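Below you'll find the structure, written out as structure tokens, and then a few comments.
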Amino acid sequence: MDSRSKYSIILNEPIESVDSYVKDYLIREGFRQIIINSETIWQNGSEPSLISEPKCFKYSYLDGTLTVEAWFRTIPFTNKDLGERDLKHGSTKGILINATYENEIKELFYMLSDDSISKSTMKGFGKDSFLTIASIAILIVVIIMIIFIIII
């Protein structure tokens with residue numbers, strides 16, 4: 001199992017523009033640049049613990065294609081464990097956090113591209129994430145309706 005989720009989009013823009021935009025976005029979203037095991041990454045959140053899995057982000061731009069690696073840092077429990085968890089697999093915190101982080105990456109791609117997701121050349125987003133978001137939206141509507149009925 002790969003411990004990082006990978007997403008890509010073809011932009012064909014100058015590297016300086018893409019780099020500046022992505023860095024500004026990451027800073028605005030609360031990420032900070034750190035070095036772990038000689039690798040420079042962006043992290044949002046404190047160090048991993050039993051109740052915290054910080055979001056991690058790394059990107060590269062080559063031949064007009066932006067590639068993003070996204071994952072959660074976890075506590076490594078064995079020597080083989082990298083202390084990383086991709087966005088496709090669950091955790092004790094549930095699938096909602098995974099879907100939310102994946103949607104944040106989609107939002108970045110939307111802002112970088114003039115195309116809608118159906119016309120875009122994005123890769124890495126599965127149908128499952130859309131279904132999860134749709135299920136969550138339906139659940140929220142049902143909860144609101146129940147609360148409304150109880151109040152009336």
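Owing to the predicted nature of the structure, the values given are computational and were not obtained by experimental measurement.
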- Evaluate the salt bridge (charged side-chain N to carboxylate O under 4.0 Å, His left out) criterion for residues E69 and R4: first the C-alpha distance (whole Å), next the side-chain angles of each, then the deciding distance (0.1 Å), finally the verdict. CA-CA 6 Å; E69 295 177 49; R4 297 181 182 184; 3.0 Å; yes

- Do V68 and K6 pass the side chain to side chain contact (heavy atoms under 4.5 Å, CB included) test, and can you show the C-alpha distance, the side-chain angles, and the key distance before you say yes or no? CA-CA 6 Å; V68 168; K6 293 182 176 68; over 6 Å; no

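Contact check for T65 versus I9: no side-chain heavy atoms found under the 4.5 Å cut-off. Residues I15 and L62 form no side-chain contact, since every pair of their non-hydrogen atoms from C-beta on lies 4.5 Å or further apart. Residues F57 and V22 meet the side-chain proximity criterion, which asks for heavy atoms closer than 4.5 Å.
Across all non-hydrogen atoms, the minimal contact from D63 to N12 is O-OD1, 4.1 Å. The shortest non-hydrogen separation linking Y61 to L11 is OH-CB, 3.8 Å. Minimum heavy-atom separation, E13 to V18: CB-CG2, 3.8 Å. Among all heavy-atom pairs drawn from K23 and Y59, the shortest one is CG-OH, 3.3 Å. Across all their heavy atoms, I105 and Y7 have their closest contact at CD1-CE1, 3.8 Å.
Residues satisfying the side chain to side chain contact (heavy atoms under 4.5 Å, CB included) criterion with E104, sequence neighbours excluded, are Y25, K55, T100, Y101. Not counting sequence neighbours, the partners of S60 by the side chain to side chain contact (heavy atoms under 4.5 Å, CB included) test are T67. When the salt bridge (charged side-chain N to carboxylate O under 4.0 Å, His left out) test is applied to E29, no partner is found at least two apart in sequence or on another chain. Taking I34 as the reference, R32, I36, I41, Q43, R73 meet the side chain to side chain contact (heavy atoms under 4.5 Å, CB included) condition, with sequence neighbours excluded. Residues that satisfy the side chain to side chain contact (heavy atoms under 4.5 Å, CB included) test with I144, not counting sequence neighbours, are I140. Every residue two or more places apart in sequence or in another chain was checked for a salt bridge (charged side-chain N to carboxylate O under 4.0 Å, His left out) with E16, and none qualifies.
A distance of 12.5 Å separates CG of L108 from CG of N103, quoted to the nearest 0.5 Å. One distance of note links CG of L66 with OG of S113; it measures 11.0 Å at 0.5 Å rounding. Rounded to the nearest 0.5 angstrom, N44 CG and I27 CD1 are separated by 12.5 Å.
Under the 4.5 Å side-chain heavy-atom criterion for grouping Ile, Leu, Val, Met, Phe, Trp and Tyr, W71 is not connected to L26 through any hydrophobic cluster.
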